[in-house]
Amino acid sequence: MNLTLPARPPFSLPSVVRSHGWVQMAPYTADETSGGFDYIDHLPTGKVVRYRVRPDPGGVSVVLDGVLTPAEQDEVKARLAWMLGLDQDFSEFYALAEQEPKLQGAAARAQGRILRSPTLFEDVVKTILTTNTLWAATLRMDRNLVTQFGAPLLGYLTQYAFPTPDRLAGTDEATLRTQTRLGYRAPYVLELAQKVADGSLELEVLKDSGLGTVELRKRLLAIKGIGDYAAANLLMLLGHYDYLPVDSWALKVVSYEWHAGQPVGRKEVEAAFEKWGAFKGLAYWLWDWSYLQNM
DNA sequence: GGTAGACCTGGACGC
DNA sequence: GCGTCCAGGTCTACC
């Protein structure tokens, strides 16, 4: 079956897909030709479906395998609207960005939306997998989690959805360590899955909680394995840009951009984007660092 | 509040 | 093939 979902303009599916590395992580598959992607989702009803999401005038078109009930179709629409931020409004940021040469054209390029997962659980797990390791290892850990604990897509032996909290909560730390190579992150992921599965941690309500950034950050930092960098990253996914995800890359680019390549710390990174206030995360994320890509 | 050391994995490198 | 070094954030203990 086919769906067409409208987006608040300006919108560009390739821009969302390129917003960060999530599209490289299973169960996403990028479609280089169209600028869209495929994604395998495990719906709350238990059904595993594949979305083929492609650009469409005014939004996106979606091809779904199999037959869904009307309630499942509504669930899919809501999940895709969240994943792509279809209703997000960046007009205030765009007005400010036009005054900054390193951000000019953000509106014309429809930048700002950051590709998300259907559940905050998946985004938190994936964020934990990005910490203290190289990107290739992050992709490997994610692929291992999906292939070993995800539910299979009907009719396909090698394609799986991201594991639900229930599916992960049933394993043990030793298995996670050895079979998925999560290393010391295994107890963090397991504890998170168990708390979400038994209801002691209501993670998904944070997607639309109305909480301020400070309180949201406090809730995220309470999760084992989530520190300053990971919390700022997740806040960006939740549409809060007041904190900067300061990692080794941020230290490097700020060093070259404003300090002649001299080593800098968190304070210098914060100072560089202080004037952007509630938009500092977006300004950092969309800043034109292209001349530093090969340094 | 700030700092040091441990936590893991895998790639790069030297032998 | 083996051993060593290094990169990458967070946690915990300690001051």
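Side chains are part of it too, since the values below use all heavy atoms of this structure and drop only hydrogens, waters and symmetry mates. Throughout, a chain's letter reflects where its sequence line sits, starting with A, and its residues are numbered from 1. As the structure is a computational prediction, the values presented were derived from the model and not from experiment.
Under 3.5 Å, the side chain of Tyr229(A) and the base of dG8(C) form no donor-acceptor pair of N or O atoms.
For the pair Ile223(A) CD1 and dG9(C) P, the interatomic distance rounds to 19 Å; values are reported in whole Å. Atom CG of Leu221(A) and atom C1' of dT12(C) are 16 Å apart (whole Å). In this structure, Trp249(A) atom CH2 and dA7(C) atom P are separated by 16 Å, rounded to whole Å. Following rounding to the nearest Å, Met141(A) (CE) and dC7(B) (C1') show an atom-to-atom distance of 13 Å. Here dT9(B) presents its P atom at 12 Å from CG of Asn132(A), a figure rounded to the nearest Å. In this structure, the CG atom of Asp228(A) is 15 Å from the C1' atom of dT3(B), given to the nearest Å. As a whole-Å value, the separation of Ile226(A) CD1 from dG9(C) C1' is 10 Å. Rounded to whole angstrom, the span from the CD atom of Glu191(A) across to the P atom of dC11(C) amounts to 10 Å.
Between dT10(C) and Arg185(A), no contact under 4.0 Å exists linking OP1 or OP2 to a side-chain N or O. Contact between the side-chain N/O atoms of Arg266(A) and the OP1/OP2 oxygens of dT3(B) is not found at any separation under 4.0 Å. At the phosphate of dG10(B), OP1 or OP2 sits under 4.0 Å from a side-chain N or O atom of Arg181(A). At the phosphate of dT12(C), OP1 or OP2 sits under 4.0 Å from a side-chain N or O atom of Lys224(A). Residue Ser248(A) has a polar side-chain atom (N or O) positioned under 4.0 Å from OP1 or OP2 of dG9(C).
For Ala230(A), the side-chain atoms get nearest to dT10(C) when compared with the rest of dC8(B), dC11(C), dT10(C).
Geometrically, Arg113(A) does not engage Phe11(A) in a cation-pi contact defined by less than 6.0 Å to the ring centre and at most 45° from the axis. Arg54(A) forms no cation-pi arrangement with Phe37(A), by the criterion of a distance under 6.0 Å to the ring centre and an angle within 45° of the ring axis. Cation-pi geometry between Arg116(A) and Trp82(A) is met: the NZ or CZ atom falls under 6.0 Å from the ring centre, inside 45° of the normal.
For the residue pair Arg8(A) and Gln88(A), no side-chain donor N or O sits within less than 3.5 Å of a side-chain acceptor on the partner.
In this structure, the ring of Trp258(A) has its center less than 6.0 angstrom from the ring center of Phe273(A).
Nucleic acid contact for Ala136(A): none, since no nucleic acid atom lies under 4.0 Å from a heavy atom of the residue.
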